[in-house]
Novice: 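Sharing a structure, written as structure tokens. Questions coming.
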There are 2 protein chains.
Amino acid sequence: MSCKIHPETVERQMERNWPEGIKKTKQRLEIYHILADAIKPLTATEIFEELKNEDGSPRYAFSTVYRCLQTFENAGILTKSTAVTSENAMYELRLAQHRHYAICLKCKERFPLRTCFLGDLKNMLPANMDEFQITGHQLEIYGYCPKCNQK
Amino acid sequence: MSCKIHPETVERQMERNWPEGIKKTKQRLEIYHILADAIKPLTATEIFEELKNEDGSPRYAFSTVYRCLQTFENAGILTKSTAVTSENAMYELRLAQHRHYAICLKCKERFPLRTCFLGDLKNMLPANMDEFQITGHQLEIYGYCPKCNQK
DNA sequence: TTGGTTGCAAAATGTTTGCATGACC
DNA sequence: GGTCATGCAAACATTTTGCAACCAA
């Protein structure tokens, strides 16, 4: 269970963000909250774990998690991506600003980078590709974090 | 089977590149060639397909492909990565220069970008992360290529 | 010869799907 | 009440592993 500093803000954000025609079931609401509280993209498994009871018994089906994430993605409020350093898909709410991360290859911790400096993506396109319509980009830095580096 | 423009160059490159203590089996040599000829990162399945006979029957085991790729990666001559736009791992020889790609979300084609402009990665690290030891990075641009964009 | 490599099959993921039951609007 | 979402189990795809047979050095 994560520590919510401004629970009411999450509620309002959700109110604004919630897609048309998507039913608010308790499963979806809980998953939204977990994503909203997260400071980094989560895997489906991490979300599933977060949803468990104290005794470790699952409260919802795994397929529900996947289907919910898929629904959010189709509705455009969620971004699915796969990191270089992990096999599994990761999910992150698509809020106003997007983030990039520095990822430690040892402890797998993800550190959000400062602002995205990639203003001039167009220039990086290959020749004869001026017509390429850019809809997104992804950047990852990897290496070893200060903690793991010392050992 | 892909068209080799300078077959002898690949041979020499392989000679230089081949890691110490790794036996040159025909499976590994063939897989190396496929990777060397590729103009984009390949999935294990793509490599496996490339290795098939004309009649579509597999010449080698799938596990051999995976084990070979793993061997190359451990030896440091291969980079394994997962693209935002695909679930599966992709493999690319780690040659002198590395590449980034613009990826079409529709046809999945990968267009190599011009040079990597990311000289100043250090500046993008979060506060208190000066000690983060950067060993690599990845950048992807995605959107729609000219061909798919027109439709 | 001998230890590393392969092939096969089976296991271990991670993810998706079909169908009956159940819950939101 | 009707439609859409859920749970369960089973299917699926990708990747990994155990073990006997095999081959490069």
Side-chain angles (χ1 to χ4, degrees), chain A residues 14-15 18-35 41-53 56-75 77-92 108, chain B residues 14-15 18-35 41-53 56-75 77-92 108:
Chain A
M14 194 180 72
E15 212 55 56
W18 199 264
E20 286 293 314
I22 302 293
K23 285 185 186 169
K24 293 188 183 180
T25 67
K26 64 182 194 302
Q27 291 89 339
R28 286 175 179 171
L29 292 172
E30 284 194 48
I31 291 173
Y32 187 100
H33 269 91
I34 290 173
L35 288 164
L42 300 175
T43 64
T45 307
E46 285 170 331
I47 294 168
F48 181 71
E49 292 299 321
E50 191 95 11
L51 288 167
K52 279 183 173 172
N53 290 314
S57 58
R59 305 228 313 294
Y60 307 118
F62 223 135
S63 55
T64 301
V65 175
Y66 276 110
R67 270 193 276 231
C68 174
L69 293 171
Q70 209 171 282
T71 303
F72 285 171
E73 195 193 1
N74 291 340
I77 65 166
L78 187 81
T79 298
K80 176 183 182 179
S81 65
T82 26
V84 171
T85 45
S86 112
E87 318 284 76
N88 307 346
M90 312 195 86
Y91 302 87
E92 185 175 30
K108 306 292 180 193
Chain B
M14 195 181 71
E15 212 54 55
W18 199 265
E20 286 293 314
I22 302 291
K23 285 186 185 168
K24 292 188 180 178
T25 66
K26 63 181 193 303
Q27 291 88 337
R28 286 177 178 167
L29 292 173
E30 284 195 47
I31 292 173
Y32 187 99
H33 269 91
I34 290 173
L35 289 164
L42 301 174
T43 64
T45 306
E46 285 168 332
I47 294 168
F48 181 70
E49 292 301 320
E50 192 94 11
L51 287 167
K52 280 183 175 170
N53 289 314
S57 59
R59 304 227 315 291
Y60 307 119
F62 222 136
S63 54
T64 300
V65 175
Y66 276 110
R67 271 194 277 229
C68 174
L69 293 171
Q70 208 170 282
T71 302
F72 285 171
E73 195 193 2
N74 291 341
I77 64 166
L78 188 82
T79 299
K80 176 183 182 179
S81 66
T82 26
V84 172
T85 45
S86 111
E87 317 285 75
N88 307 348
M90 312 195 87
Y91 302 86
E92 185 175 31
K108 305 292 180 193

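Since the structure is predicted, the reported quantities are computational estimates derived from the model, not experimental observations. Proteins get letters first, then strands, A, B, ... in listed order; numbering begins at 1 in each.
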Novice: What nucleotide among D:dT15, D:dT6, C:dT5 has an atom nearest to a side-chain atom of B:A89?
Specialist: D:dT15
Novice: Tell me: CD of A:Q70 to P of C:dT17, nearest whole Å?
Specialist: 7 Å
Novice: Enter the distance from B:Y91:OH to B:T79:OG1 here, rounded to the nearest 0.5 Å.
Specialist: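 Between B:Y91 OH and B:T79 OG1, I get 11.5 Å after rounding to 0.5 Å.
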Novice: Whole angstroms only, please: what is the NZ-P distance between B:K24 and C:dG3?
Specialist: 23 Å
Novice: For the pair A:W18 and A:Y32, name the ring-plane relationship: parallel under 30°, tilted 30 to 60°, perpendicular over 60°.
Specialist: tilted
Novice: Rounded to whole Å, please give me the gap between CD1 in A:I22 and P in C:dC25.
Specialist: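 Result: 11 Å.
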Novice: Give a yes or no on whether a donor-acceptor pair under 3.5 Å exists between the nucleobase atoms of D:dC8, that is its base, and the side chain of A:S63.
Specialist: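 Answer is yes: a donor-acceptor pair is held.
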Novice: Tell me which donor-acceptor pairs under 3.5 Å the side chains of residues 20-30 of chain B have, and how far apart each pair is, sequence neighbours excluded?
Specialist:
| unit_1 | atom_1 | unit_2 | atom_2 | d |
| --- | --- | --- | --- | --- |
| B:K24 | NZ | B:E15 | OE2 | 3.0 |
| B:T25 | OG1 | B:R28 | N | 3.2 |
| B:R28 | NH1 | B:K23 | O | 3.2 |
| B:E30 | OE1 | B:R59 | NH2 | 2.7 |
| B:E30 | OE2 | B:R59 | NH2 | 2.6 |
| B:E30 | OE2 | B:Y60 | OH | 2.6 |

Novice: Between A:T25 and D:dC4, is there a contact of a side-chain N or O with OP1 or OP2 at under 4.0 Å?
Specialist: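 Looking at the OP1 and OP2 atoms of D:dC4, neither is under 4.0 Å from any side-chain N or O of A:T25.
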Novice: Can you tell me how far apart CG (B:L69) and CG (B:L35) are? Round to the nearest 0.5 Å.
Specialist: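 These two atoms lie 6.5 Å from each other.
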Novice: Classify B:F62 by what it touches in the nucleic acid, base, sugar-phosphate, or nothing, heavy-atom distance under 4.0 Å.
Specialist: nothing
Novice: Of the nucleotides C:dT5, D:dT6, C:dT15, which has the atom closest to the B:K23 side chain?
Specialist: C:dT5
Novice: Can you measure B:E30 atom CD to C:dT6 atom P for me and round it to whole angstrom units?
Specialist: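 Taking CD of B:E30 and P of C:dT6, I get 12 Å after rounding.
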Novice: Less than 4.0 angstrom between a side-chain N/O of A:Q27 and OP1 or OP2 of D:dG7, yes or no?
Specialist: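 It does, given that an N or O in the side chain of A:Q27 lies less than 4.0 Å from OP1 or OP2 of D:dG7.
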Novice: Base, sugar-phosphate, or nothing for B:T71, non-hydrogen atoms under 4.0 angstrom?
Specialist: nothing
Novice: To the nearest Å, how far apart are A:R67 CZ and C:dT15 P?
Specialist: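 So the CZ-P distance, A:R67 to C:dT15, works out to 15 Å.
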Novice: To the nearest Å, how far apart are B:Y60 OH and C:dG7 P?
Specialist: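 Interatomic distance, OH of B:Y60 to P of C:dG7: 7 Å.
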Novice: In chain order, what residues pass the salt bridge (charged side-chain N to carboxylate O under 4.0 Å, His left out) check against A:E92, with sequence neighbours excluded?
Specialist: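 Counting only residues at least two positions away or on another chain, A:E92 forms no salt bridge (charged side-chain N to carboxylate O under 4.0 Å, His left out).
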Novice: Using whole Å, report how far CG of A:L42 lies from C1' of C:dG14.
Specialist: 16 Å
Novice: Between B:Y66 and A:G21, which residue's closest nucleotide on DNA chain D lies nearer the 5′ terminus?
Specialist: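 Nearest nucleotide further toward 5': that of A:G21.
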Novice: Can you work out whether B:A44 or A:T64 has the more 5'-proximal nearest nucleotide on DNA chain D?
Specialist: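 So the residue in question is A:T64.
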Novice: How long is the line joining CD of A:E20 and P of D:dC4, in whole Å?
Specialist: 15 Å
